[in-house]
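Here the structure comes first, spelled out in structure tokens, and everything after it is commentary.
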Protein chains: 2
Amino acid sequence: MTEPSQTQIIRDLIDRLGRLSAAEEWNGPLNPSQFAALSYLARANRFSRAPSHVADYLATTRGTASQTLKALARKDMIEETRSEADKRSISYDVTTSGTELLSTSTGLDQVIGSLPGDIQNSLASSLKALVLTALHQRGGRSFGVCNTCRHHEKSKTGSYCRLLEVSLSAIDSTQICHEHAAQ
Amino acid sequence: MTEPSQTQIIRDLIDRLGRLSAAEEWNGPLNPSQFAALSYLARANRFSRAPSHVADYLATTRGTASQTLKALARKDMIEETRSEADKRSISYDVTTSGTELLSTSTGLDQVIGSLPGDIQNSLASSLKALVLTALHQRGGRSFGVCNTCRHHEKSKTGSYCRLLEVSLSAIDSTQICHEHAAQ
DNA sequence: CTCTAATAGTAGCGAGTCGAAACTATTGCA
DNA sequence: TGCAATAGTTTCGACTCGCTACTATTAGAG
């Protein structure tokens, strides 16, 4: 009977927290997947709000993500916008009711908030490192914040993305981008 | 458009890690719930391996836990033992194939293992604190390790539980107990 | 310039999860 | 003795999720 390793314990803790979090999210109009998708959309920039991006972010398939988004749209949490340039693609925007729902904090949020600030910071950075490495290992995208990207260019007049060759608003720059690449 | 709070970001990271972990666990004969239950049983002491304990640990219902355990038993990962003293209660033991399965480390385990040791420790303690507080808030049990319990008594001849009034083996003392109470 | 391959999204199926409620069996207590 | 509490199971319905097949659109090779 070998002692359980530290890694297994951490993995187990993550799993349990995920379950606790999921159990709480049900106490609203949304289920856990829908909540996660909504939360992502609220933090993603305008180039990263398509079903396929949500699928990548949530480590699921396009089919599943499509269903989740349709459900969110039915509940008036998001609104779809079809692109002019590429008639295949769709982008979703969070509605005001969606934003409102996201701003209500759950029990787990309060628990996290009750941790000392420095612990919160170290926790956030450790978890972020885990997610990035895990995603990298599985060949997925990293989904970092725009202004920390290799292609982000800051000038006096504003910001610019060298990859997509577009200028970026102040908001764009602080949001999550699916094209994000580490420096 | 308010900036997302640190707590929401942490919550989101936990959620994503849970999904990544769940996606990986499928690459075996077990689904995520079954894997979590098996992992718990392997670390729980002999007083804590009943369906109701698993239900408490996984923050689910007895009905759901019952299904999960039956599935595990069908797959020969665990074995049920009916109690003599109380004919209602059942205890599950992990089989050798179950132990074997648990010892194979997944991708996420490797990612966690690749973190520096001190980061692992601080991550484990932060997550543990979160789980404990969240469980407390929701009125659940804490499920700590036996020898850190208020009722644990260590003597020269061995250990003893003042609550259950039984003597404890060396293994018992290092396992998870559903009766665990903080000092 | 056309025809094929790749891409974005959706629909439907089937296996499985999960919670709620109803149910059986056993035990405890008044 | 009898009623309430407890342990576990079963069943049902709503939902998730991956898979496959499908449509529509776009890109690219020849």
Side-chain angles (χ1 to χ4, degrees), chain A residues 15-16 18-38 47-75 78 80-92 138 141 178-179, chain B residues 15 18-38 47-75 78 80-92 138 140-141 178-179:
Chain A
D15 190 275
R16 291 176 76 194
R19 284 171 195 281
L20 285 166
S21 167
E24 272 177 356
E25 279 157 2
W26 266 113
N27 301 344
L30 305 185
N31 67 44
S33 309
Q34 291 167 3
F35 190 89
L38 181 62
F47 317 111
S48 313
R49 301 195 198 119
S52 52
H53 304 143
V54 175
D56 279 353
Y57 190 80
L58 298 183
T60 182
T61 60
R62 280 177 303 148
T64 301
S66 181
Q67 292 179 66
T68 302
L69 292 172
K70 290 286 174 200
L72 278 175
R74 271 198 306 276
K75 295 177 185 176
I78 59 178
E80 84 172 39
T81 313
R82 306 206 80 101
S83 164
E84 287 298 310
D86 185 339
K87 280 174 186 149
R88 291 170 302 178
S89 60
I90 292 183
S91 184
Y92 283 97
R138 122 194 266 278
R141 294 182 171 281
H178 75 111
E179 295 283 12
Chain B
D15 191 276
R19 283 170 195 282
L20 285 168
S21 165
E24 273 179 354
E25 279 155 4
W26 267 114
N27 299 345
L30 305 186
N31 67 42
S33 310
Q34 291 166 3
F35 190 90
L38 181 61
F47 317 111
S48 313
R49 299 194 198 122
S52 53
H53 303 142
V54 174
D56 279 353
Y57 190 80
L58 298 183
T60 182
T61 59
R62 280 176 302 148
T64 301
S66 182
Q67 293 180 65
T68 303
L69 293 172
K70 290 286 174 199
L72 278 176
R74 271 197 305 277
K75 294 177 185 176
I78 58 178
E80 86 171 38
T81 314
R82 306 206 81 99
S83 164
E84 288 297 310
D86 186 338
K87 281 175 185 148
R88 291 170 303 180
S89 59
I90 292 183
S91 185
Y92 283 97
R138 125 194 265 276
R141 296 181 171 281
H178 75 112
E179 295 283 11

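Fair warning: this is a prediction, and the values are worked out from it, not measured in the lab. By convention in this document, chain letters (A, B, ...) are assigned in the order of the sequence lines, proteins followed by strands, and residues within each chain are numbered from 1.
- In this entry the distance linking CG of B:L69 with P of D:dA7 reads 15 Å, nearest Å.
- Contact check, A:S89 against C:dG9: no side-chain N or O comes under 4.0 Å of OP1 or OP2.
- Following rounding to the nearest Å, A:E84 (CD) and D:dA24 (P) show an atom-to-atom distance of 19 Å.
- Among the heavy atoms of the strands lying under 4.0 Å from A:A85 are primed sugar atoms or P, OP1, OP2 only; no base atom is included.
- Among the heavy atoms of the strands, none lies under 4.0 Å from B:A55.
- Distance CD1 (A:I90) to P (D:dT25): 12 Å, rounded to an integer number of Å.
- The heavy-atom pair separating A:I78 from A:L69 by the smallest distance is CD1-O, 3.5 Å.
- Rounded to whole angstrom, the span from the CZ atom of A:R74 across to the P atom of D:dA14 amounts to 14 Å.
- B:R62 places its CZ atom 12 Å from the C1' atom of C:dA20, with the value rounded to the nearest Å.
- With C:dT26, D:dT9, C:dT10 as the choices, the nucleotide that has an atom nearest any side-chain atom of B:R88 turns out to be C:dT26.
- Closest contact between the side chain of A:D86 and the listed nucleotides D:dT26, C:dT27, C:dA20 involves D:dT26.
- Using modelled atom types, one side-chain atom of B:K75 and one backbone atom of B:P29 make a donor-acceptor pair closer than 3.5 Å.
- Within 4.0 Å (heavy atoms only), B:A50 reaches sugar-phosphate atoms of the nucleic acid but no base atom.
- Between A:S66 and C:dA11, a side-chain N or O to OP1/OP2 separation shorter than 4.0 Å is absent.
- The nearest whole Å value for the distance from the NE2 atom in A:H53 to the C1' atom in C:dG9 is 12 Å.
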Can you give each donor-acceptor pair under 3.5 Å made by side-chain atoms of residues 48-58 of chain B, sequence neighbours left out, with the distance rounded to 0.1 Å?
| unit_1 | atom_1 | unit_2 | atom_2 | d |
| --- | --- | --- | --- | --- |
| B:S48 | OG | B:N45 | OD1 | 2.8 |
| B:S48 | OG | B:H178 | N | 3.0 |
| B:R49 | NE | B:A44 | O | 2.9 |
| B:R49 | NH1 | B:D93 | OD1 | 2.8 |
| B:R49 | NH2 | B:A44 | O | 3.2 |
| B:H53 | ND1 | B:A50 | N | 3.2 |
| B:H53 | NE2 | B:H178 | ND1 | 3.2 |
| B:H53 | NE2 | B:H178 | NE2 | 3.3 |
| B:Y57 | OH | A:D12 | OD2 | 2.5 |
| B:Y57 | OH | A:R16 | NH1 | 3.3 |

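- Considering only side-chain N and O atoms, A:T61 lies nowhere under 4.0 angstrom from the phosphate OP1 or OP2 of D:dC19.
- Note: CG (A:D56) to C1' (D:dC17) measures 16 Å, nearest angstrom.
- OP1 or OP2 of D:dT9 lies within a sub-4.0 Å distance of a side-chain N or O belonging to B:K70.
- Note that CZ of A:R82 and OG of A:S89 are 8.5 Å apart. Values are rounded to the nearest 0.5 Å.
- Each of D:dT9, C:dC18, D:dC19 was ranked by its minimum atom distance to the side chain of A:R19; first place goes to C:dC18.
- Closest approach to the A:Q67 side chain among D:dG18, C:dG19, C:dT10 is made by D:dG18 (side chain taken as heavy atoms from C-beta onward).
- Here the shortest heavy-atom pairing between A:L38 and A:L72 reads N-CD1, 3.9 Å.
- For A:P51, the side-chain atoms get nearest to C:dG9 when compared with the rest of D:dC17, C:dG9, C:dG19.
- At the heavy-atom level, A:T64 lies under 4.0 Å from base atoms of the strands shown.
- Closest contact between the side chain of A:Y92 and the listed nucleotides C:dT10, D:dC19, C:dC18 involves C:dT10.
- Here A:R82 lies out of heavy-atom contact (under 4.0 Å) with every strand.
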